[in-house]
Amino acid sequence: MKTMNINTITFIIVIVLSVWYSNFERCSATRGWRTLKASSSTFNVLDFGAKGDGHTDDTKAFEDAWAAACKIEASTMVVPSGSVFLLKPISFSGSNCELNIVFQLDGKIIAPTSASAWGSGTLQWLEFTKLNKITIKGKGVIDGQGSVWWDNTGKLPKTKPTALRFYGSNGVTVTGVTIQNSQQTHLKFDTCTNVQVFDITISSPGDSPNTDGIHLQNSQDVVIYSSTLGCGDDCVSVQTGCSNILVHNVNCGPGHGISIGSLGKMNTKACVSNVTVRDTTLHNTLTGVRIKTWQGGSGSVNNIMFSNIQVSDVETPITIDQYYCDGGKCHNETSAVAISGIHYVNVKGTYIKDPIYFACSDSLPCVGITLDTIKLEPSQSSNVPFCWEAYGELKTQTEPPVDCLQKGSSSSAGIMSSKQSSC
Ligand SMILES: *[C@@H]1O[C@H](CO)[C@@H](O)[C@H](O)[C@H]1NC(C)=O
Ligand SMILES: *[C@@H]1O[C@H](CO)[C@@H](O)[C@H](O)[C@H]1NC(C)=O
């Protein structure tokens, strides 16, 4: 009887203690969690239920982590290394967010490859919109798993998404990360100002269709530098509405080169000005530095500088094409995007097809083209430079010699440009 009593008392004490202890644990854990969140304003997607196993859909966890980060100025949303997060199309919308959010990307984010994840199609996979000062940084990877889209067997939607798109934002920084195998364009900025992109890598196969590297549209004050861009289309493409764009210390290839355009498609008005591309190398690309416009457009491209451009095995290093036609039927029209003030300084290396190809509009010739210190050697063909309705000046002797550039400015350019080219 006595022993039983002692055992019972011991038993009761153990129960009471363990219940008390577990309550204590739970309370302190909760308190600790709250304190951590409020003080550090760091939001790790793993704390919001992300699995990071590469199979589970982590979209909801990312949405929840973003909703929390969004409320606090200068907060950090953490996507940790060592995990692979599968995300469906997602928008990190900032219309009601605080300033200066950092998206710390050290893990890997992958896109779904099954048709069901994409519904009837979407223009982008990962979207950041309407933010004021947003930074994506880290050593992480964004992988569009695009191969299923490139050789689309018909199951996926017709519209191929851009992997990472920023829209309507000011003060955007993207640094450190790798963006690879996009379904279509890898990184796009639309209607953004004060954009900095540096130390990034873009990588997809040279034969992957329409996988532009960086696409700029309606954006101003953009700097892209110290980056390696290899893809199946333009490494950088500068579209309508862009001005004050600087691209420097970039390696491009494979790909289609660095392009302004295409512009003026379907009789649209296009305006691009103040673009500098310098200290850049291109290897094994379709073009080096290129301006391409469609027949029938209007608006203008002016004040463009291409300097210290090193090419190797580039099909056509220097190109202006005002007869751009990307498949389908195109016919010549009288209206064109006006091209003026295009400067090439120190463009050197080897070409495969044409060293210089200027195909300007019959109705609106290119004016103010200058060539300074050009040294291009054939690695296969020995085509001579081609010019059509191209006006400008040789600042130095060139190699190969350029005899086709016309001096002065065309009379038709003056008349037409005042009508069509106001931007
Ligand atoms: C282009 O640069 C010129 C001179 O540097 C400047 O006056 C002009 O405002 C710039 N254009 C745009 C659209 O920013
Ligand atoms: C358009 O104009 C260019 C230059 O005059 C000419 O070489 C080309 O053949 C024309 N294209 C068509 C489809 O008429």
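In listed order, ligands and their atoms are each counted from 1.
Ring geometry, Phe62 versus Phe92: the interplanar angle falls from 30° to 60°, so the pair is classed tilted. Using a 30° and 60° split on the angle between ring planes, Phe48 and Phe43 fall in the tilted class, from 30° to 60°.
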List, for ligand 2, each N/O atom that has a protein N/O partner under 3.5 Å away, with both atom names and the distance.
| unit_1 | atom_1 | unit_2 | atom_2 | d |
| --- | --- | --- | --- | --- |
| ligand 2 | 2 (O) | Asn332 | ND2 | 2.3 |
| ligand 2 | 5 (O) | Asp362 | OD1 | 3.4 |
| ligand 2 | 5 (O) | Asp362 | OD2 | 2.5 |
| ligand 2 | 11 (N) | Asn332 | ND2 | 2.9 |
| ligand 2 | 14 (O) | Asn332 | ND2 | 3.3 |

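Every pair tested for salt bridge (Lys or Arg N to Asp or Glu O under 4.0 Å) that includes a residue from residues 246-256 fails, sequence neighbours excluded, so the list is empty.
For ligand 1, the atoms closer than 4.0 angstrom to any heavy atom of Asn274 are 1 (C), 2 (O), 3 (C), 8 (C), 10 (C), 11 (N), 12 (C), 14 (O). Within the listing of ligand 1, atoms 13 (C) sit less than 4.0 angstrom from a heavy atom of Ser273. Set against the non-hydrogen atoms of Ser243, the atoms of ligand 1 under 4.0 Å away are 13 (C), 14 (O).
In this structure, Arg165 pairs ionically with Asp190, as a charged nitrogen and a carboxylate oxygen lie closer than 4.0 Å. Between Asp212 and Lys188, no side-chain nitrogen of the basic residue sits less than 4.0 Å from a carboxylate oxygen of the acidic one, so the salt-bridge criterion is not met.
Per the SG-SG cut-off, Cys366 and Cys360 are bridged by a disulfide [distance under 2.5 Å].
Gln145 and Asn181 are not linked by any side-chain donor-acceptor pair at a separation below 3.5 angstrom, with hydrogens and angles left out of the test.
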